[in-house]
Protein chains: 2
Amino acid sequence: MARTVTRTRRTRPSADQTRERILAAALDLFSDRGFDGASTREIAQRAEVTQPLLNYHFSSKDDLWRAAVDGLFAALTRAMTDRTAGLRGVDELTAARLLVREFIAFSAEMPQLHRIITQECKVDGPRMDWLVERHVRPMYDGITALFSALTEQGHLPAIPPAHLYYILTGAAPTMFVLGPECRRLSGLDPTSDEVVDAHADAVCMFLFGH
Amino acid sequence: MARTVTRTRRTRPSADQTRERILAAALDLFSDRGFDGASTREIAQRAEVTQPLLNYHFSSKDDLWRAAVDGLFAALTRAMTDRTAGLRGVDELTAARLLVREFIAFSAEMPQLHRIITQECKVDGPRMDWLVERHVRPMYDGITALFSALTEQGHLPAIPPAHLYYILTGAAPTMFVLGPECRRLSGLDPTSDEVVDAHADAVCMFLFGH
DNA sequence: GCAGGACCTTATCGATCGATCAGACTTCTG
DNA sequence: CAGAAGTCTGATCGATCGATAAGGTCCTGC
């Protein structure tokens, strides 16, 4: 594998940079247009490389998609674990509010995550099984565990955690997933810090009481 | 136009039925796989016709997509106006709860609506302008008007209506949009009446207070 | 009863898709 | 310095895409 040899020997710095440029371009186009709608030629054009180079760094379009999605969920995991690490000694309710805010901030910065989930998980397809078992289920388990603990302590109403999960993962990112539509309909800029903070305020107010 | 002539003269009953079968198949496949991912041959196969027949009844794939989306939003409009008509004399908060429940019930029965919005409205594309101005904006105006009235009367916290809109249109349908994923993750069947009712209970509790 | 329109099919077009191959260029190694 | 390995490109493959042309069948109206 050229990839592993390059990574271990690091003979040229350009290969890894090129790989990262391809992954970033692929993530944007896959999340925007879907797996079928994103052509490898357009991904290559955005990454400023030629199209056959994608098949040099990745064995197939499917492999490129998986690598891009892996990077995306790795960023989510890193953001949430970093945030959790800074919450030692904080009471559980405050910690939960801050974790929800972190999830919303990440969803605003990387709406590609939710775009890809909604593209692949609505119908059983060749990529749904991989995506759910590898990435979505850990996210589901973490969020529902948090909500179950909060419900037991009386901080949330007695709603089954599955419903809470889909309320949160719907209410939190939709404004950012539909960014261009939101800008056009409401005039708000969903990439601005003020709007992101206001949305986090709103979701937390509904979740944890008025 | 063959379409109008058929409808006015009604020479053969099969033409309109075929048209409806094509529209239903197109709606399912467009919402599942996106505009690019849904091939006209697969739509034709699901409608049990040959592929060139789509270009006989519709001038292009784009025209077929627009016709299918028109029918989808017409069904939403019909459901909501019918529900509103049955609410004379009901106080505003109860009416709002019932309208939200109707919106959730429709989203559960026809998740294609939200799937198509999220496919087309995340990036400016050839179909987003048409979809937003023709269908999404009226929905946005109706929902935000309802929320603004509720906020003025103190039934909702003072949150800008745009945020309320994206919280509702995210929290309400996501469980049904991601139906196969939900079934796999939680074991719940998002097409069953019990789960739909439970989700409506949860969203209303989330929105209108614990 | 036949002329014409409505409805549908088979065959096929050019364009674009993902993927592959041979070779060129660069950099490291012996 | 010569060869090997890593990185990238131009050319091109077969498959599939949306769309069209041409023809056939059946019903309707004169």
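Letters A, B, ... are given to chains in the order of the sequence lines, protein chains preceding strands, and every chain is numbered from 1.
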At how many degrees, to 10°, do the end axes of the helix from C:dG1-D:dC30 to C:dG30-D:dC1 meet when each uses five pairs? 10°
Residues which pass side-chain contact (heavy atoms from CB on, under 4.5 Å) with B:R97, listed by chain and number, not counting sequence neighbours: B:C204, B:F208
Among residues at least two apart in sequence or on other chains, which ones pass side-chain contact (heavy atoms from CB on, under 4.5 Å) with A:P138?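 For A:P138 there are no side-chain contact (heavy atoms from CB on, under 4.5 Å) partners, ignoring immediate neighbours.
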Phosphate OP1/OP2 of D:dC8 contacted by A:T18 side-chain N/O (<4.0 Å): yes
Strictly below 4.0 Å: does B:Y56 bring a side-chain N or O up to OP1 or OP2 of C:dC7? yes
Taking C-beta and beyond as the side chain, do A:N55 and A:T40 meet within less than 4.5 Å on heavy atoms?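 No, too far: nothing below the 4.5 Å cut-off.
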Test item: B:R19 and B:L53 side chains (from C-beta on) under 4.5 Å apart, heavy atoms: no
Give a yes-or-no answer on whether the side chains of B:H114 and B:S107 include a donor-acceptor pair shorter than 3.5 Å.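 Per modelled atom types, B:H114 and B:S107 side chains form a pair under 3.5 Å.
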So which of residues 21-39 of chain B are in contact with DNA chain C, with a heavy-atom cut-off of under 4.0 Å? none
Nearest-Å distance for atom pair NE2/P, residues B:H57 and C:dC8: 4 Å
Contacts satisfying side chain to side chain donor-acceptor pair (under 3.5 Å) that involve residues 198-208 of chain A (not counting sequence neighbours) are A:R101-A:D201, A:H199-B:H163
Okay, side chain of A:R183, backbone of A:L188: is any donor-acceptor separation there less than 3.5 Å? no
Please tabulate, one pair per line, all N/O donor-acceptor pairs under 3.5 Å involving side-chain atoms of residues 24-32 of chain A, not counting sequence neighbours.
residue, atom, partner, partner atom, Å
A:D28, OD1, A:Q112, NE2, 3.0
A:S31, OG, A:L27, O, 3.0
A:S31, OG, A:D28, O, 3.0

